[in-house]
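A short write-up of the structure that comes next.
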Amino acid sequence: MDIKQYLENKRSQVDEALNKYMLAEQGSLAGHIKAMGYSLFAGGKRVRPILCLAAAEAVQNDREDLPEACMVTACALECIHTYSLIHDDLPAMDDDELRRSKPTNHMVFGEAGAILAGDGLLTYAFDLLSTPALQSPSADNRLRIISIISKAAGPIGMVGGQFLDLENEGKKVAFNALRDIHSRKTGALITASIQAGAILGNGSEEQYEALSVYGEKVGLAFQVVDDLLNVEGTKEQLGKAAGSDAKRQKATYPALFGVEDTRQKAKIAVHEAVAALDGFDDRAVPLRALAQYIFTRKR
Ligand code: GRG
């Protein structure tokens with residue numbers, strides 16, 4: 001399959017939906033909405049929305065289109081992801097001036113503006129997830145999705161991972177602790193994106209479990225490759241300064257295992273992700289290709 005073409009198609013569908021569902025600039029709040037839109041439309045790869053859509057497609061039973069709720073959920077996931085990057089870049093956290101080759105949100109809108117843009121995106125995501133006009137999924141499934149995503153984004157997921165990441169800067173971190181940080185900071189939202197897709201596509205519990213394993217492995221591979229790119233990538237490729245992890249003495253795979261072992265570990269995680277899809281038919285081809293893409297990505 002042509003994964004590049006698939007990603008491009010899906011990315012433009014997600015962009016179209018984000019344009020449709022994002023708040024229009026309105027009156028006195030125009031400045032706030034503009035700050036949210038600045039980062040939301042700054043060139044993100046849309047990995048989490050695409051994983052959600054691909055997981056739904058992998059389990060969907062009929063030939064009908066995916067429910068509108070799938071695209072709404074994909075947009076909500078991107079809002080949460082974007083908020084996390086805006087806050088991660090703040091002076092109090094990673095203090096970055098560039099992201100995706102553009103000035104970070106606080107460089108353009110000031111610290112208070114960026115904090116509020118992040119807050120706005122995070123809460124708007126849950127507004128989207130609870131959109132009353134959607135016909136499906138059922139109220140039970142919708143609640144289940146909201147619970148999965150809020151746990152993944154919150155204190156025992158991404159926020160907790162970020163706390164541990166910052167707390168451990170400059171310290172020697174054991175492998176177990178590193179794995180815990182990575183799975184919360186990056187893996188949790190990626191896994192939740194796939195689990196939400198499994199529910200939206202009406203997958204069986206067995207498929208949900210298999211996709212959860214796929215999500216954990218792909219999430220791990222994604223973060224490990226990110227660690228590698230931080231060591232090996234160029235500023236042009238990454239759209240931000242390279243080598244920032246080493247400078248901040250972050251707990252990373254290359255710091256613990258060296259570059260070659262780290263690459264090997266990412267490869268194994270991708271292999272295990274694909275193996276988790278053994279019981280799936282051709283509808284899971286995009287998910288298999290996405291796992292490989294995550295390993296070979298350049299940013
Ligand atoms: C501030 C609560 C809070 C959390 C921040 C996600 C995160 C936690 C920090 C970002 C640090 C980082 C670079 C993590 C590595 C994995 C990651 C999330 C990379 C960026 O995601 P991509 O590659 O970004 O999907 P794009 O630009 O494509 O949207």
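Counting starts at 1 for both ligands and their atoms, in listed order. We're numbering straight along the sequence, starting at 1. Source: prediction; values computed, not measured.
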Quick one: does ligand 1 sit under 4.0 Å from the side chain of [X], the backbone, both or neither, non-hydrogen atoms only?
X    : result
R11  : neither
K45  : both
T186 : side chain
F163 : neither

Next on the checklist: Any side-chain to backbone donor/acceptor pair from K250 onto A246? Under 3.5 Å, distance only.
Outcome noted: no

Checklist entry - Donor-acceptor pair, R283 side chain versus Q60 backbone, under 3.5 Å? => result yes

Return the residue, atom name and 0.1 Å-rounded distance of the protein heavy atom closest to [atom].
atom                    : value
atom 17 (C) of ligand 1 : F222 CE2, 3.9 Å
atom 8 (C) of ligand 1  : Q162 OE1, 3.4 Å
atom 6 (C) of ligand 1  : S84 OG, 3.5 Å
atom 11 (C) of ligand 1 : D88 OD2, 3.5 Å
atom 24 (O) of ligand 1 : H81 NE2, 3.4 Å

Item to check | Minimum non-hydrogen distance to atom 13 (C) of ligand 1, winning option of D226, V47, L40, L166 | outcome: D226

Checklist outcome for this item: Heavy-atom proximity to atom 29 (O) of ligand 1, picking from R100, M93, R46, points to R100

What atoms in ligand 1 come closer than 4.0 Å to a heavy atom of [X]?
X    : result
R297 : 23 (O)
H87  : 1 (C)
Q223 : 14 (C), 15 (C), 16 (C)
K185 : 8 (C), 11 (C), 14 (C)

Checklist entry - Is it true that the NZ or CZ of R184 lies under 6.0 Å from the centre of F163's six-membered ring and within 45 degrees of the ring axis? => result no

Next on the checklist: Are any of the N/O atoms on R48, whether in the backbone or the side chain, positioned under 3.5 angstrom from an N/O atom of ligand 1?
Outcome noted: yes

Next on the checklist: For the 3.5 Å polar cut-off, considering only N or O atoms, please tell me whether Y83 and ligand 1 meet it.
Outcome noted: no

Next on the checklist: Whether the R179 and N176 side chains hold a donor-acceptor pair (N or O, under 3.5 Å, no angle test) is what I'd like checked.
Outcome noted: yes

Item to check | Side-chain H-bond candidate by donor/acceptor type, S39 with N105, under 3.5 Å | outcome: yes

Next on the checklist: Is the distance between the ring centroids of Y124 and Y83 under 6.0 Å?
Outcome noted: no

Checklist entry - What's the spacing between L129 CG and I148 CD1 if we round to 0.5 Å? => result 11.0 Å

Next on the checklist: In the structure I gave you, are the side-chain heavy atoms of R100 and L85 within less than 4.5 Å of one another anywhere?
Outcome noted: yes

Item to check | Pairs where residues 186-219 contributes a residue and the test ring-ring contact (aromatic ring centres under 6.0 Å, His included) is met, not counting sequence neighbours | outcome: none

Item to check | Residues K265, D227: salt bridge by 4.0 Å N-O rule | outcome: no

Checklist entry - Could R263 and E232 be called an ion pair, given the rule that one side-chain N must be under 4.0 Å from one carboxylate O? => result yes

